[in-house]
Amino acid sequence: MSKFIKKKNSQFFGTLRRLEDWFERRRRILPWRDKPTLYRVWISEIMLQQTQVATVIPYFERFLTRFPDIETLAQSSEDEVLSQWAGLGYYSRARNLHRTAILIGARGFPKDRETWLELPGIGNYTAGAILSIALNQPEPILDGNVERVLSRVYRNSDKKLLWRAADFFVKSAFEKKIAPSILNQALMELGATVCSPKKPACQTCPLKSFCQARSKGDPENFPTARKKKIWLQIQEELYCLIANETQTQILVRKRLPGEWRAGLWDLPNRQELENIFPRFSARTSWKSLGRIETRHIVTRHKISRTTHLIQGSGARFCGKVPQGFQWISASTPGLAFGSALRRTLKKLRETFPEALQ
Ligand code: SF4
């Protein structure tokens with residue numbers, strides 16, 4: 001690769017300049033590009049991991065309204081952070097974000113790659129993105145979009161080599177006074193909007209004169225196909241217990257540390273209800289109102305969920321419940337509900353409108 005670049009040195013620098021110009025003209029307006037402080041760039045980069053830009057925008061704006069700075073975030077509870085994250089998926093990101101906020105709140109924002117990498121949830125890509133975009137340091141990045149672009153430019157899918165290429169791009173640009181923040185975002189933007197997985201728009205690409213895959217006519221062959229995503233099938237049988245005929249509150253429980261989706265609220269299963277209410281198994285203390293079937297995809301899990309809607313009678317299920325359980329209105333906002341619970345409750349309300357107001 002380096003031989004190839006040396007041979008094309010002047011062409012290479014011209015290409016970098018065209019890439020910079022292209023980005024200045026074509027960049028999308030995104031909320032985190034406005035005032036790219038360390039705090040805003042860090043939050044956006046964590047949200048953008050595995051998640052599309054259009055999905056992230058409203059979450060980013062709500063999150064920044066609720067937690068406008070590192071101090072507010074560090075002083076908030078994990079529950080509050082999870083409730084703002086609810087629906088965005090990959091909840092370990094939110095838990096790590098909160099842990100990192102506490103560490104940064106105590107020590108300040110790191111200013112170098114090694115210190116960022118010591119923080120929870122920060123990998124090579126995220127560290128490079130934060131340092132280059134917020135601090136203009138010539139640090140490389142290689143997310144899916146940049147990988148696709150560079151893999152085609154060099155007709156090579158070797159990740160190590162592509163990291164070296166990303167490093168070469170950003171450092172060469174820095175030498176020519178092209179800001180690392182512009183260069184890295186330009187590569188990402190190019191991958192997101194021009195160099196698409198299928199039918200890349202090579203005619204409009206600022207790298208076209210430099211791109212080996214374009215000249216060979218086979219961009220879609222790069223990067224070479226990865227292993228197919230392996231789906232985990234999960235069957236769940238849960239109970240939505242309405243307290244009784246007059247109190248329409250339902251019981252939810254918080255998933256424990258170590259459990260999948262820890263910290264999020266969900267409906268209990270039968271065993272959990274029997275543990276709390278010893279007479280639950282008698283079956284005379286509640287009646288069935290029906291059940292629904294729902295399917296959800298959460299990260300790499302395919303969840304098939306049967307939810308029974310049941311109603312207690314008299315005062316049997318009212319009152320105090322153990323820590324980690326809570327009676328709520330079926331439409332209560334504020335608790336950290338994952339997308340599976342929110343969709344389940346929506347379908348329950350649509351199917352049984354009179355029981356769940
Ligand atoms: S020329 Fe085509 S394949 Fe090469 S980087 Fe540009 S869009 Fe991608």
Side-chain angles (χ1 to χ4, degrees), residues 1-30 33 45 48-54 56 124-126 128-129 132-133 136 138-229:
M1 179 193 73
S2 50
K3 230 163 109 195
F4 173 83
I5 288 169
K6 262 185 205 150
K7 253 178 20 193
K8 305 248 176 174
N9 221 0
S10 59
Q11 184 194 358
F12 178 65
F13 287 125
T15 301
L16 291 182
R17 198 59 78 191
R18 274 194 294 284
L19 179 61
E20 179 192 25
D21 292 345
W22 172 86
F23 182 64
E24 295 296 359
R25 281 182 285 112
R26 297 296 170 90
R27 63 201 286 166
R28 290 169 294 174
I29 295 172
L30 300 173
R33 286 185 176 160
E45 286 302 331
L48 286 163
Q49 288 169 4
Q50 324 267 358
T51 313
Q52 305 230 328
V53 165
V56 167
N124 264 322
Y125 164 75
T126 309
S132 62
I133 297 171
N136 255 322
E139 291 284 343
I141 56 165
L142 195 74
D143 69 347
N145 286 323
V146 178
E147 183 181 354
R148 187 164 56 256
V149 171
L150 294 179
S151 159
R152 289 169 176 181
V153 165
Y154 293 108
R155 284 185 88 245
N156 200 309
S157 301
D158 178 333
K159 245 199 159 119
K160 273 193 193 151
L161 188 139
L162 296 177
W163 269 106
R164 279 173 47 212
D167 192 54
F168 184 82
F169 262 67
V170 73
K171 290 198 167 58
S172 306
F174 193 56
E175 236 176 74
K176 294 284 168 189
K177 305 219 174 333
I178 298 173
S181 131
I182 299 292
L183 189 279
N184 280 349
Q185 290 189 84
L187 285 174
M188 286 195 271
E189 193 83 347
L190 194 66
T193 61
V194 173
C195 193
S196 44
K198 299 261 177 245
K199 296 198 172 91
C202 299
Q203 274 316 318
T204 64
C205 178
L207 302 186
K208 67 182 176 192
S209 60
F210 191 66
C211 178
Q212 295 188 21
R214 179 188 175 257
S215 75
K216 295 271 185 195
D218 60 359
E220 288 185 22
N221 292 347
F222 296 91
T224 44
R226 293 254 158 72
K227 276 190 208 149
K228 269 195 160 174
K229 197 169 188 172

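Since the structure is predicted, the reported quantities are computational estimates derived from the model, not experimental observations. All ligand and atom numbering here is 1-based and tracks the order in the structure.
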* **Salt-bridge contact Asp21-Arg25 (side-chain N to carboxylate O under 4.0 Å)** => no

* Asked: Please walk me through it: do Arg33 and Glu189 pass salt bridge (Lys or Arg N to Asp or Glu O under 4.0 Å)?
  -> CA-CA 12 Å; Arg33 286 185 176 160; Glu189 193 83 347; 2.7 Å; yes

* Structure fact -> Counting only protein N, O or S atoms and ignoring waters, those under 2.8 Å from atom 4 (Fe) of ligand 1 are Cys211 SG

* Ring geometry between Phe169 and Tyr154 (parallel below 30°, tilted from 30 to 60°, perpendicular above 60°) -> perpendicular

* Does Gln11 reach the main-chain N or O of Ser209 with its side chain, forming a donor-acceptor pair under 3.5 Å? -> yes

* When you measure from the side chain of Ser151 to the backbone N and O of Asn156, does any donor-acceptor pair fall under 3.5 Å? -> yes

* Taking the side chain from Lys208 and the backbone from Gln203, do they hold a donor-acceptor pair closer than 3.5 Å? -> yes

